[in-house]
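Reading through the structure tokens given below for one structure.
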Amino acid sequence: MASSTATTVLLLVLLACGGATAQVFPRPLFPRAPWNFTLPTGPGDTGGSGATTTGGGPSVPAMFVFGDSLTDNGNNNDLNSFAKANYLPYGIDFAGGPTGRFSNGYTMVDTIAELLGLPLLPSNTEASDAGSGPGALQGVNYASAAAGILDNTGQNFVGRIPFNQQIKNFQTTLNQIKGKIGAGKLSSSLGRSIFYVGMGSNDYLNNYLMPNYNTRNQYNGDQYSTLLVQQYTKQLTSLYNLGARRFVIAGVGSMACIPNMRARSPTNMCSPDVDELIAPFNSKVKGMVNTLNVNLPRARFIYIDNFEMISEILRNPFNYGFSVVDRGCCGLGRNRGMITCLPLLRPCPNRSTYIFWDAFHPTDRVNVLLGKAAYSGGTDLVYPMNIQQLAAWQP
């Protein structure tokens, strides 16, 4: 936590940068129907307990999560890292308070876990601390804020757990579980479990777009996306070789209009060039999913189009109960997006009307909507099948 003097200086600098008035959109007379399936749209859908299951126990044995701050649930808490969220007001709407989730409440994978009939997953740190307990048997979350596909991504934040290390941590978990249930039962369980992987955002935000990185001088946009997808393919194949068979690959969401991007603009505008930069990556990841489905026997990969889902909410916010689209609920500076949510900073009181929680991350209401869309959405959002269908898939 920063000292009071440093915080005061920071506030003075940010106040000198000015602010912007929140864009509040009038309710359209004829709202467009949301996507192609039933999606909660009312203000009462506030996250948390919004996910419901069909009953009868979990539909899969476990779920294992790999990712960045969009899915981190506390793995950075004990690291020497600037990328942490284990303090208020993060977690202000979460039953357990601050946990390390970069949200006011649920993340997308919390919703997916509940829809699958699973408990909220422990972080790898929690599962490791539990020792011989049963925590890891229904899954573990290895995601780490500031992490990327490339090991050097996010180094400005010091401590983080890159995807390669997350895979190694998963291998450690496997060795622990194998000692409890045996190799045969473990193999069967892994084959029916869900592996959620959401990487790539930081490889742009905290690598390619960072002025202190030389990446942009080494690769043009297309070359960089190819480099990332080549490495990504190797990493996912490593998980396959460890026993994973049902993969959920989340594309990078639209970043042009996140509060931090708007805050960088003197006219409070989105930055479409950022989305143009990540478009080739998403396209190649979807192609990678097709290739892996052909090349890896008895495995199924699906692709979540987070880019389209976020874009749809931004295009039609009132269809989903949102009225504030251009700023974070918690943060400092223009659009509350120049500096992300600091300890004990007062967030907005009407959080259910905001799309963005802080400078980079969505509110838990958005996360719940995204999770439900990934679970039961059509092929325009989840390709070639949704998570519910993946859970029931028979190789």
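We number each residue from 1, following the sequence as shown.
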Q.
Is there a continuous path of hydrophobic side-chain contacts, each under 4.5 Å between heavy atoms, that joins Val140 to Ile161?
A. no

Q | In one Ile/Leu/Val/Met/Phe/Trp/Tyr side-chain cluster, 4.5 Å: Leu70, Met255 | A |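 No; tracing contacts between hydrophobic side chains, which count when under 4.5 Å, never links both residues.
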
Check the side chains of [Y] and [X] for a donor-acceptor pair under 3.5 angstrom, ignoring hydrogens and angles.
| X | Y | answer |
| --- | --- | --- |
| His361 | Ser103 | no |
| Thr173 | Tyr142 | yes |
| Asn268 | Asn335 | yes |

Q.
Closer than 4.0 angstrom, basic N to acidic O: yes or no for Asp305 and Lys286?
A.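 No, this pair does not count.
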
Looking at the rings of [X] and [Y], which for Trp means the six-membered one, are their centres under 6.0 Å apart?
| X | Y | result |
| --- | --- | --- |
| Tyr354 | Phe322 | no |
| Phe82 | Phe157 | no |
| Phe66 | Phe170 | yes |
| Tyr224 | Tyr204 | yes |

Q | side-chain contact (heavy atoms from CB on, under 4.5 Å) between Ile304 and Val248, intermediate numbers included | A | CA-CA 7 Å; Ile304 302 176; Val248 178; 3.2 Å; yes

Q: For residues Asn76 and Ser144, report the shortest heavy-atom separation together with the two atoms involved.
A: OD1-OG, 2.6 Å

Q) Rounded to the nearest 0.5 Å, what separation is found between the CD1 atom of Ile310 and the CG atom of Asp275? A) 11.0 Å

Q.
Nearest 0.5 Å, please: how far is CG in Asn207 from CG in Asn152?
A. 5.0 Å

Q. So, is the end of the Arg245 side chain (NZ or CZ) under 6.0 Å from the ring centre of Tyr240 and within 45° of the ring's axis?
A.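 The answer is yes, since Arg245 meets both limits relative to Tyr240.
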
Q.
Pair Tyr90, Phe102 - check ring pair (Phe, Tyr, Trp, His ring centres under 6.0 Å), show working.
A. CA-CA 6 Å; Tyr90 286 101; Phe102 285 74; 5.8 Å; yes

**Q.** Verdict with reasoning, Asp222 to Lys284, per salt bridge (Lys or Arg N to Asp or Glu O under 4.0 Å)
**A.** CA-CA 10 Å; Asp222 185 65; Lys284 291 173 185 177; 2.8 Å; yes

(Q) Determine whether the interatomic SG-SG distance for Cys330 and Cys348 falls below 2.5 angstrom. (A) no

Q | Audit row: Val60, Arg192, side-chain contact (heavy atoms from CB on, under 4.5 Å) steps and yes/no | A | CA-CA 6 Å; Val60 295; Arg192 292 179 290 119; 5.8 Å; no

